[in-house]
Structures are given as structure tokens and as C-alpha cells.
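Inspection log for the structure reproduced underneath, given as C-alpha cells.
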Amino acid sequence: MQYETKVLTTTYQQPDPYGALSMPVYLTAAFEFPSAKAMSDAFCGRSLSPSYARISNPTVSFLEERVRQTTGAKSVTALNTGMAAITYALTAVSAAGLNIVASRHLFGNSVSLLRDTLGSLGVEPRFADFTNLEEVASLIDDKTCGLFFEIITNPQLFVADISALSALAHSRGVPLIADTTIVPFSVFHADKFGVDIEVVSSTKYISGGGTGLGGLLIDYGSYDWSAHPSPILQARTKRVGWRMAFTARIKTELVTNLGSLMTPQAAYMETLGLDTLDIRFRRQSETALWLAQQCRELPEITRVNYTGLADNNFYELSLQQFGPLPGAVFTIDLASQEAAWSFIDKLQVVRRATNLFDRKSLAIHPASTIFGLFTPEQRAEMSVGDATVRLSIGLEDAGDLLEDIKKALKP
Ligand SMILES: *Cc1c(COP(=O)(O)O)cnc(C)c1O
């Protein structure tokens with residue numbers, strides 16, 4: 001079955017007493033039991049009954065199960081934000097004294113999480129350009145507990161060769177962890193390219209309307225943790241087997257101790273988002289490709305960066321990994337920062353906001369916002385240009401969007 005069929009036919013773990021066709025939103029902190037025995041079974045994991053909503057909630061479990069069935073993953077954990085999912089994934093593989101080899105071109109908070117938060121707990125971050133395999137290989141040693149990267153970086157739109165990274169990681173006994181927010185699992189099958197752990201900010205494509213925040217942590221059960229440098233994961237492997245060691249640490253240690261399971265309200269909205277994810281992704285990407293092509297004809301635009309354009313440096317790799325429609329985000333370069341700001345100020349259909357893959361088209365100047373507190377040298381190192389505008393294309397009519405862009409480019 002294809003994505004849309006699978007996602008629409010996923011059934012509840014336990015039937016709803018009224019046969020509700022849409023998963024109800026269970027707004028409750030606690031769950032009641034018929035007997036002390038049933039209570040003990042739930043608390044000790046011998047039954048599927050939820051016990052307390054910090055640990056599980058049927059509305060959240062249903063979202064997790066839908067994603068699990070459509071991705072074929074071993075386990076899925078839904079958290080309150082994309083950053084929570086990244087924090088859980090990187091914390092689960094970490095221990096003081098170990099290091100994580102990560103991409104130099106990451107979402108800003110992921111860089112800070114590695115450098116400042118995990119760094120302060122004794123986990124060393126090592127940054128490399130993930131389009132350069134030799135550089136990545138040179139940083140791996142026997143204390144490396146994970147490789148972490150984004151499948152297409154933002155806003156640079158660099159594409160890593162994921163199968164090659166996976167082969168490198170596995171030849172050195174290291175799990176491959178990918179942030180796949182930019183191309184969702186309806187299109188990109190991370191496990192086929194050797195990704196072991198996938199993290200997604202479901203705030204983006206999956207929520208679909210910018211209705212709330214969320215993060216998904218997907219474990220494919222493909223990595224053998226028995227020889228991993230974390231003593232905790234080695235011990236887990238002895239208890240529950242290598243396929244479940246990571247999931248067991250997430251579900252029984254981090255979810256309960258760090259406490260940021262997704263709320264049932266957000267899980268409900270994201271479940272609705274999953275229904276239309278595939279069709280929205282295709283339509284938004286088609287419009288993005290068409291607009292990127294049209295933007296190249298406009299003299300005020302000095303460069304259009306989209307990996308779906310045939311002369312883009314990453315076109316072949318992007319096509320092979322993500323297909324002909326690699327998402328709804330592209331960037332344009334104008335003459336200067338002033339020109340970029342003036343363009344953004346004049347937009348009337350495209351909105352001035354920071355989200356990605358909303359149903360509405362959005363524009364932002366990354367250098368003065370997301371990267372505004374970095375030094376010019378740091379921005380240069382991360383290839384964030386002063387004259388670059390990032391566009392996230394929504395569901396509006398393509399012709400109307402082009403008109404808006406053309407008008408905003410005029411002095
Ligand atoms: C937005 C984003 C995040 C963070 O997600 P939140 O849901 O805002 O916490 C992480 N990675 C990428 C690539 C993102 O675009």
C-alpha cells in the first residue's frame with residue numbers, strides 16, 4: 001500500500017467505545033482501572049492501557065502508530081517540538097566523554113544544543129561539512145556515539161549523499177541520525193538510504209497549517225547497539241536485545257524523566273495533517289519548482305537556489321534521493337541586503353514569517369533573523385548570504401505568487 005492508503009487505514013490500538021471515526025482527543029492526565037491487577041499490568045508494561053499522560057495518551061499513541069505504519073519503523077515517539085525530538089535522539093546516544101560528529105550546516109538551535117547544552121554535560125561536538133565524506137571520516141573515533149546531519153541543509157540547500165554517509169557510519173560502528181524535516185517520510189524513505197534514527201520537526205509539513213509545534217523521533221531498529229560506546233545502551237541491549245535498546249531508553253527513561261510527550265491537542269492536529277501530507281507536499285513542491293524556474297528569468301534576481309533545478313550542483317543527488325520535487329523551499333539572491341529587505345517589505349500575498357511549509361507562502365531574510373545574532377564570520381562559515389531571501393511556498397495559486405514576487409522586486 002502507498003502512503004495515503006496506509007495513513008488513512010491505520011486503526012486504533014484499542015477500539016473507541018462509540019466507534020468514533022476520528023481519533024478523539026483524550027484530555028485527561030490520568031486513566032482509571034477496573035482492578036489493582038489491571039493497574040499493575042499497565043504500570044509495569046504488561047498491558048497497552050495508558051496509566052498517566054506524561055508517559056502515553058491514546059491520541060498521541062495513534063499519531064505515533066500512524067507514522068510507524070507508514071514508515072515501517074520499529075518505534076515512533078511524538079514530542080512537543082522538533083527540538084525535543086532532536087534532544088531526545090542525541091541524549092539517548094550520548095554519555096560524558098563521548099563525541100558526536102555533526103554537520104556544520106545545521107538548524108541554529110541544533111548547533112547550540114550540541115555546543116552549549118550537551119557540550120556542558122561532557123559530550124564533545126565535532127562539526128564537519130557533510131558533503132565532504134573525508135572530512136566527516138577524519139573526525140570519527142572509537143568515542144563517536146553518533147553522526148547527525150540534515151538531509152537538505154537550510155538555508156544553504158546542500159544535499160548529503162545519505163547512502164555513502166550511512167556506509168561510512170556503519171563501517172565505523174556509528175549510528176546515522178538524520179533530521180528529515182525538509183522532505184517528509186511520505187516521499188523520502190530514510191531507512192532505504194541507511195538512516196538508523198530519523199528526527200522530524202512535525203511543526204512544518206506535518207502540522208500543515210502552522211497550527212502548533214511537534215516533533216517525531218523515529219527508530220528503524222536497524223542499528224546494533226551491542227558494541228556502541230555508550231555503556232547505558234550496551235546494558236539495555238543485554239536486557240531487551242539490540243533492536244529495542246534505543247527505543248527502550250527513549251520510552252522508559254527519557255519520555256518519563258524529561259517529560260515532553262506531545263500534547264493530545266497537538267497530536268490531533270498533526271494526525272489531521274498526516275491525512276493530507278502527501279497531496280500538500282506535491283502541490284507545494286510543484287509550485288515551488290515552477291516559481292524557481294520563473295524567478296530565473298527576472299533580472300533583479302541574481303541567483304535562484306533550488307535542488308530541483310537541473311543545473312543545481314546537487315540536482316542528481318537530490319533527484320535520486322528525493323525525486324523530482326524536492327520540497328517547497330528555495331532561496332533567491334538579490335543585489336544586496338537592502339534590496340532583500342525592500343523586497344520582503346513589499347510582499348502582499350507572501351507573508352513575513354519564519355515557519356516552513358505552512359499552507360501560506362512565507363518569506364524571511366535568514367542573515368538578519370535566524371542567523372542575526374551570529375557574527376559575519378560565522379555566517380560566512382555557514383554560507384548564509386546577506387542578500388539571500390528564503391521562500392517557503394504554500395498552497396496559493398502559482399500565478400498570483402509570481403505576480404506578488406514580480407511587484408515586490410520593483411523599486
Ligand atoms: C524547525 C526546525 C527544527 C526545530 O523544530 P521545532 O518544532 O521548531 O522545535 C529542527 N530542524 C529543522 C530542520 C527545522 O526546520
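Below, all heavy atoms of this structure are taken into account, side chains as well, without hydrogens, waters or symmetry copies. Both ligands and their constituent atoms are indexed starting at 1 by order of listing.
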Let me check something: any side-chain donor-acceptor pairs from residues 291-299 under 3.5 Å, sequence neighbours excluded? List them with distances.
residue : atom : partner : partner atom : Å
Arg296  : NH1  : Asp311  : OD1          : 2.8
Arg296  : NH1  : Asp311  : OD2          : 2.9

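For residues 130-139, the side-chain hydrogen bond (donor to acceptor under 3.5 Å, both in side chains) pairs, not counting sequence neighbours, are Asp129-Thr131. Pairs engaging residues 241-286 under the ring pair (Phe, Tyr, Trp, His ring centres under 6.0 Å) rule: Tyr205-Phe281, Trp225-Phe246 [sequence neighbours left out].
The aromatic rings of Tyr12 and Phe62 stand perpendicular to each other, their planes meeting at an angle above 60°, with 30° marking the opposite boundary.
Under the side chain to side chain donor-acceptor pair (under 3.5 Å) test applied with Thr180, the options Glu198, Glu150, His189 reduce to a single match, Glu198.
Listed by chain and number, Thr81, Gly82, Met83, Ile86, Phe107, Glu150, Asp179, Thr181, Ser201, Thr203, Lys204, Leu213, Gly214, Leu356 each place a non-hydrogen atom less than 4.0 angstrom from ligand 1.
Note that Lys204 lies in the cation-pi zone of Phe107, set by a 6.0 Å cut-off to the ring centre and a 45° limit from the axis.
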